[in-house]
Amino acid sequence: MAEINMATTREHGFPNNYSNEFLILDKGEGVYVFDVAGKKYLDFGSGIAVNALGYGNKEIAAIASAQMEKLVHVSNLFTTEPALAFASRLVDGKRFSAVHFGNSGSEANEAAIKYAKLWSIRTKGPDCYRILSFSGAFHGRTMGALASTYNNKYKDPFGPMIPGAEIIEYNNVEKLRETLDESFAAVIVEVVQGEGGLRSLSDEFASALKELCVKHKVLIIADEVQTGMGRTGDLYASDGIGLDAHIITLSKPLAGGLPLSATLIPGFVNDKVKVGEHGTTFGGGPVTTAVASYVWDIITGEGFLGGVKEKSSYLIGRLEILMKEYGFIKEIRGKGLLLGLEIDENETVDVLKIMGEARDKGLLLLKTGVNVLRLAPPLIISKEEIDEGIAILDSVLKDFEENIFTR
Ligand code: PMP
């Protein structure tokens with residue numbers, strides 16, 4: 001029989017593509033969540049890098065609730081003041097002249113791919129529709145975004161992918177030079193690969209990408225679904241490395257945990273788009289956008305991003321101490337508060353086991369790639385809370401090390 005705080009979800013009609021055992025969470029406060037049995041967890045996962053402002057934010061609840069009493073949904077046949085106010089925060093009229101709202105990261109990338117194709121086909125010709133992406137990439141599970149995702153596990157069961165989706169090795173400049181030409185509409189890239197193991201785009205690759213995309217008139221789409229909105233310490237991670245992306249996609253933290261995405265496009269792309277060529281029923285509704293303006297104002301407010309950078313250095317310092325202590329930590333990866341420990345897995349130590357034991361001790365962690373433990377705490381975390389999490393992680397890792405020595 002399942003424990004009181006665990007659900008065997010298939011009995012409740014969840015499909016087989018999900019694990020059958022879920023922890024049932026009940027409420028949250030700051031960087032902590034509580035399960036239905038009242039057990040408290042320090043959350044170093046943020047609902048997969050979503051809850052940037054943590055849990056139980058009273059302002060978010062008040063804004064959403066006030067908006068819900070006024071108006072919840074209007075469709076894309078009308079607009080609302082919250083949608084207009086949030087759009088004007090994202091679009092400055094210079095670099096980006098329009099934003100397409102959606103509901104998820106996949107949708108944001110789907111829109112980016114469609115806008116890029118519209119622009120390319122109408123500018124360069126009907127054969128110029130290809131999309132380049134990279135090993136380790138994760139861009140979503142809808143058919144367009146999926147085609148540019150790397151891991152075959154997500155793709156193979158579904159038959160042929162959309163034509164023109166090419167994937168080459170991440171950070172391989174030579175391969176990029178060989179591959180890129182005018183037949184590509186866009187390159188879609190993550191500056192830090194959120195699901196693919198937290199590898200970062202090298203400076204050399206970023207500058208080659210910029211140069212070649214100008215040369216062949218190819219758009220750079222920065223998939224910032226996970227890295228955007230301050231997660232790496234910059235508002236947009238692609239700006240942090242000077243990538244000058246033409247299109248940026250955002251989602252996870254955008255609306256404080258409510259589903260919202262944004263695809264930012266420049267004027268020269270927008271100029272090629274005609275009425276009705278893309279759309280959404282729910283995207284950019286008044287509740288999500290009202291909350292999103294609040295989240296935006298906090299993240300872009302004075303000192304917030306500087307604070308993320310400072311806490312990142314602090315956390316990296318703590319992780320370096322762990323790396324010295326435990327030989328099975330091979331590398332520290334990532335940027336800002338999207339960090340990972342590459343684990344040298346063996347029959348005793350593996351990422352899932354570490355996560356399981358950490359959870360029992362009250363710390364929620366994530367996995368990314370094959371063997372990387374991912375830490376993505378809420379951006380509002382304090383240094384004391386970082387210490388608390390690191391102390392739990394240290395004690396978990398110690399248990400694993402002792403296990404190794406007794407075997
Ligand atoms: N792009 C990136 C970089 C992501 O990390 C994710 C989700 N992990 C997605 C796209 C897809 O987002 P969603 O699950 O909201 O569709």
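What you see below is based on every heavy atom in this structure, not just the backbone, and it leaves out hydrogens, waters and symmetry mates. Order of appearance sets the numbers: ligands from 1, and atoms from 1 within every ligand.
- Neither the backbone nor the side chain of Thr249 has any atom closer than 4.0 Å to an atom of ligand 1 (non-hydrogen atoms only).
- By heavy-atom distance, the residue among Asn103, Asp223, Thr149, Thr368 lying nearest atom 1 (N) of ligand 1 is Asp223.
- Within the set Glu224, Glu190, Lys252, the minimum heavy-atom distance to atom 3 (C) of ligand 1 is found for Glu190.
- For Ile48, the heavy-atom gap to ligand 1 stays at 4.0 angstrom or more.
- In this structure, the side chain of Glu182 does not engage the main chain of Cys128 through any donor-acceptor pair within 3.5 Å.
- Note: Tyr170 and Tyr150 fail the aromatic proximity criterion, with ring centroids not under 6.0 Å apart.
- Relative to the six-membered ring of Phe268, Lys272 misses at least one condition, a distance below 6.0 Å or an angle of at most 45° to the axis.
- Taking every non-hydrogen atom of Ser106 and a distance limit under 4.0 Å, the qualifying atoms of ligand 1 come out as 11 (C), 12 (O), 13 (P), 16 (O).
- In this structure the side chain of Arg318 never reaches within 4.5 angstrom of the side chain of Leu375, judged on heavy atoms.
- Under a 4.0 Å criterion applied to the non-hydrogen atoms of Glu195, ligand 1 contributes the atoms 5 (O), 8 (N).
- Checking Lys330, Arg374, Arg199 one by one against Glu342, the salt bridge (charged side-chain N to carboxylate O under 4.0 Å, His left out) holds for a single residue, Lys330.
- For ligand 1, one of its N or O atoms has an N or O atom of Gly105 under 3.5 Å away.
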